[in-house]
Amino acid sequence: MKIVACIKQTFDTEAKIVVGGNGQISDEGVNLIVNPYDEFAVEEAIRTKEKNGGEVVVVTVGGDKAQEALRYCLAMGADRAVLIQDAAMVGADSRAVSIALAKLLSEKEAGYDIIFTGKEAVDDGAAQVPSRLAEKLDLAQANVVTALSLADGKATATCEIDGGSEILEMALPALISAQKGLNEVRYPSLPGIMKAKRKPLEVLSLSDLGLSADDVASKVVLAAAELPPARKAGQRLTGEVDEVVAKLVKLLKEEAKVI
Amino acid sequence: MSIVVCAEQRDGSLRKITFEALSTGKRLAEASGETLKALLIGNGIAGLADELKKYGVDEVAVVDNAALGAYTADAYAAVLAAYVAQENPALVLFGHSSFGKELAPRAAAKVDCGLVSDCIDINFADGDYLFKHPVYAGKAIGNYKVAGPVRMATLRPNVFPIVESAGAGAVVNFATDIPAAKVTVTGTMMASGDRPELTEADIICSGGRGLGGPEGFKLIEALADALGAAVGSSRAAVDAGWREHAAQVGQTGKVVSPNLYVASGISGAIQHLAGMGSSKVIVGINKDGEANIFNVADYGVEGDLNKIIPALIEKLKELQ
Ligand SMILES: Cc1cc2nc3c(=O)[nH]c(=O)nc-3n(C[C@H](O)[C@H](O)[C@H](O)COP(=O)(O)OP(=O)(O)OC[C@H]3O[C@@H](n4cnc5c(N)ncnc54)[C@H](O)[C@@H]3O)c2cc1C
C-alpha cells in the first residue's frame, strides 16, 4: 500500500501569542510541534503499513523549520518525506495549501491507496484542508474519525458528529481525517531518531510541481490579528457553604440573568 | 446578488445554528443591500421551509430528493456548488457544526472560493465583508477579508443572536443532478437522554480531575439536571476514563459558548480555557484559591465541590 500522511507544523499549545506591530502574529522564540491531530494521522499511517505492508510518505507545506516536523514523523516510523517550500506559500490560505498538496498527490506522488490528515490544525483551527483536498482529488472522505478498519479495498470509519457518531463505508482510495481516540501515538525511539536522519526528505518548490505563484494566490487574507478582550476580573465568593450558594444563585439570577 | 444560508437539518428538524445563520445573514443583507436566501437540502424536508421564513428570508430554495436522505459531504457539496453557480451569491453561510465543518470546505473547493471558518463576528463596512475568527485556540483573533466574487463562512454556534424578522419568503424548488455519493452511512449512534447537545447548550456544567473519580460525575449530572444543562469535561477527566472524549471541552475538544459555564474541580489550564473562554458567564468551583480558573471566572467559589454542589442543587430546587 502507498500510504500518505499530511501534516502541519504548529505552535506548541502552551505558546504565548504576540501580535507584532504589523498586525501579524510573531513566531519568534515559539516552540514548534507537529499538530497534535496530525500525530494521530501519522500513527494510523504507520499502523496501516505495519498491517498491510507498503510505504508511508509524510508531506507538508512549510518553511525551513518544517523539516524538523517531518524528521519527527520519520523517527516515528514513516519512510520518506516531502516538503513543499516556496516563498509564494508563506501565509498561504487553506485553499492554496490544498491546491499544492492536490497537485503533488495527483502527479509526482500519485498512486496512493489512502491519505491521512488530522481533523484540524490547532493554530488556525480552520479544518479546511482535509475536505478541500478530498474534493480536489475527487476522493471519499471520513471526517473526525475515532475508529478505522480496512479490508478488501474498503474503509469502515467511525466519525464523531454533533451529539453522537456515524459509521461510514467507502472504497479506497479515500481520505481519513483523524480525531483523538483513533489510536495512541507512539514516541520516536532512539534507533528511530537515528534512522530518521538518513531517510529521504525531498524539498519541492511550486515550479517543481508545475504551479505558479498566481495559482496559489490567497483568497482569504488576514488584515490584522488582535488579542481578545481580557475577561473582567470576577467576584470571589467566600464564607459558609449555605451563604455562598445563596449568594451565587442570587447573582446568577439577578445580576448575570443566566438562570 | 444574494447572501445564502445553507440550512442544516437532522432527521427532519432544523438545527438552532441555522436560525443564528439566518439572523446574521439578514443583518448583513440589510447592510449590503443583498437579498437573503436559504438553501434547504434533504429528503422529505420541504415542510421545513415555513420555519425558515420566520427569519426574514426573501427566498427558500428546496432540494428535496430521496438520494439526499442521509447527509454525505460529496453529494451535498455538489448540490451546493450547482446552486452557487446559478445564484452567484456574495456570501454563503454555514454553521461551524460537524455538518458545516465538512461541507463548507468541500463546497468551497468545488466553487474555488475563499472560506473563513468558525467566525465569531461578520460585518459589512466600506463595501466589503470583514470576518473575525479566533486563532491559536482563542489566544488571538484574526480579522479577515475574502477576495470574491463568492465568499463562504462557517459560524461558531451560540455566538450570533437569533432575531425573527419579515421577508418575502417565496419557496422555490431547485432541481439539479445529484451524483452518487462516494460514502455510505451504515449506522448512526446518537447519545440518548434529553440533555442538550454540548455546542448548542445554553448552560454547561463541566467537571475535572477534582471530582476524584467517575462517581463524581453523578454530582455534575445532578447539577446539570437542576439547570437543564449539558455535561462537559476537562481532558484530565477524559484521559482518566471518567467521561467519553465527546464531552471534552478545550483546545483538543469542543469549543463552546454557552450563557453559563460552571467549571467544578477544573484548574483552568490554558488548553481548557481555549474551549470555554468565550462563554458569557463563567462560574469556577475550586478548593484551591490560587487556581487559574478564578482568573477568568465571573463568580469564583472557593471550597470543596462535594459540599458546594449538593447545596447548590438544593437551592436551585427550592427556586423551581
Ligand atoms: C496538546 C494539549 C492539548 C490539551 N487539550 C486539552 C483540552 O482540550 N481540554 C482540557 O481540559 N485540557 C487539555 N489539555 C490538558 C490541560 O493542560 C490540563 O492538563 C487539563 O485541563 C487539566 O484538567 P483538570 O483541570 O481537570 O485537572 P487539574 O489540573 O489536575 O485540576 C484539578 C482541579 O481540581 C481542584 N480540586 C481538587 N479537589 C477538589 C475538591 N474537592 N473541590 C474543589 N476543587 C477540587 C484542584 O484544586 C485543581 O485545581 C491539553 C494539553 C495538551 C498538552
Side-chain angles (χ1 to χ4, degrees), chain A residues 11 13-15 17 19 25 36 93-95 98 122-128 131-132 134-136 140-144 160-170 180-181 219-228 231 234-238 241-242 244-246 248-249 251-252 256 258-259, chain B residues 73-74 77 97-98 101-102 105-106 108-110 113-118 134-147 182-191 197 199 227 245-246 251-252 259-260 270-271 280-281 294 296-303 307-308 311-312 315-316:
Chain A
F11 286 17
T13 55
E14 298 278 352
I17 301 299
V19 178
I25 289 163
D93 65 2
S94 302
R95 173 179 165 274
S98 62
V122 296
D123 51 5
D124 61 24
Q128 290 188 27
S131 301
R132 281 184 179 268
E135 177 61 33
K136 294 207 85 65
Q141 181 192 6
N143 206 16
V144 200
E160 197 178 287
I161 57 171
D162 296 339
S165 58
E166 202 167 64
I167 299 173
L168 299 186
E169 260 179 36
M170 66 208 72
K180 181 177 171 180
K219 289 203 183 267
V220 176
V221 177
L222 176 64
E226 62 198 28
L227 296 178
R231 287 196 78 93
Q235 298 185 37
R236 193 71 69 93
L237 310 180
T238 46
V241 170
D242 287 343
V244 168
V245 162
L248 176 64
V249 170
L251 285 165
L252 291 177
V258 287
I259 59 170
Chain B
D74 51 327
S97 54
S98 50
K101 276 185 214 178
E102 181 183 37
R106 187 130 198 163
K110 242 187 159 53
C113 68
L115 161 67
V116 187
S117 307
D118 194 22
V135 291
Y136 299 97
K139 284 187 243 175
I141 294 169
N143 292 286
Y144 296 89
K145 286 195 168 173
V146 182
K182 293 184 174 64
V183 302
T184 316
V185 182
T186 59
T188 308
M189 290 84 64
M190 299 307 283
E197 204 272 315
T199 57
L227 287 165
H245 177 254
Q251 182 149 20
T252 45
N259 286 332
L260 173 62
I270 189 153
Q271 295 94 346
K280 274 136 229 149
V281 175
F294 291 132
V296 298
D298 299 276
Y299 305 111
V301 182
E302 198 178 320
K307 297 199 179 99
I308 291 160
L312 184 55
K315 190 81 201 164
L316 289 166

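Letters go in sequence order (proteins before strands), and every chain restarts at 1.
A side-chain donor-acceptor contact under 3.5 Å links Thr13(A) and Gln271(B). Side-chain N/O atoms of Gln141(A) and Glu135(A) include no donor and acceptor closer than 3.5 Å. Between the side chains of Gln235(A) and Asp298(B), no donor N or O sits under 3.5 Å from an acceptor N or O. Side-chain contact of Gln128(A) with Ser117(B): a donor-acceptor pair under 3.5 Å is present, judged by distance alone.
Contacts between Ile141(B) and chain A at a heavy-atom distance below 4.5 Å involve backbone atoms as well as side-chain atoms. If you measure heavy-atom distances from Val244(A) to chain B, the contacts under 4.5 Å come from the side chain alone. With a 4.5 Å cut-off on non-hydrogen atoms, Val122(A) touches chain B through its backbone and its side chain both. Using a 4.5 Å cut-off between heavy atoms, Asp242(A) contacts chain B through its side chain alone, with no backbone atom that close. Within the 4.5 angstrom heavy-atom criterion, no atom of Ala73(B) approaches chain A. With a 4.5 angstrom heavy-atom cutoff, Ile308(B) touches chain A via backbone and side-chain atoms both. Heavy-atom distances place the side chain of Leu248(A), and not its backbone, under 4.5 Å from chain B.
The side-chain hydrogen bond (donor to acceptor under 3.5 Å, both in side chains) check on Lys219(A) picks up nothing, with sequence neighbours excluded. Applying the ring pair (Phe, Tyr, Trp, His ring centres under 6.0 Å) rule to Phe11(A) yields the partners Tyr136(B); only residues at least two apart in sequence or on another chain are considered.
Comparing Ile25(A), Ile259(A), Asp162(A) by heavy-atom pairs within less than 4.5 Å of chain B, the highest count is held by Asp162(A). With chain A as the partner, the residue from Val135(B), Leu260(B), Val146(B), Thr186(B) showing the most heavy-atom pairs under 4.5 Å is Thr186(B). Chosen from Asp123(A), Val249(A), Val258(A), the residue pairing most often with chain B at heavy-atom distances under 4.5 Å is Asp123(A). Chain A forms the most heavy-atom pairs under 4.5 Å with one residue out of Gly114(B), Ala77(B), Gly187(B), Ala147(B), and that residue is Gly187(B). In terms of heavy-atom pairs under 4.5 Å with chain B, the best-connected choice from Leu237(A), Asp124(A), Val221(A), Thr238(A) is Val221(A). By number of non-hydrogen pairs under 4.5 angstrom with chain B, the leading residue of Ser98(A), Pro36(A), Ala134(A), Gly181(A) is Ala134(A). In terms of heavy-atom pairs under 4.5 angstrom with chain A, the leader among Asp74(B), Asp118(B), Val301(B), Thr184(B) is Thr184(B). Of the listed residues Ser94(A), Pro228(A), Ala223(A), the one with more heavy-atom pairs under 4.5 angstrom with chain B than any other is Pro228(A).
The distance from atom CE of Met190(B) to atom OG of Ser165(A), rounded to the nearest 0.5 Å, is 8.5 Å. To the nearest 0.5 Å, the span separating CD1 on Ile161(A) from CD on Glu197(B) amounts to 9.5 Å.
In terms of heavy atoms, Arg95(A) sits closest to Cys113(B) at CD-O, 4.1 Å.
Proximity of a side-chain donor or acceptor of Lys139(B) to a complementary backbone N or O of Ala15(A) within less than 3.5 Å is detected.
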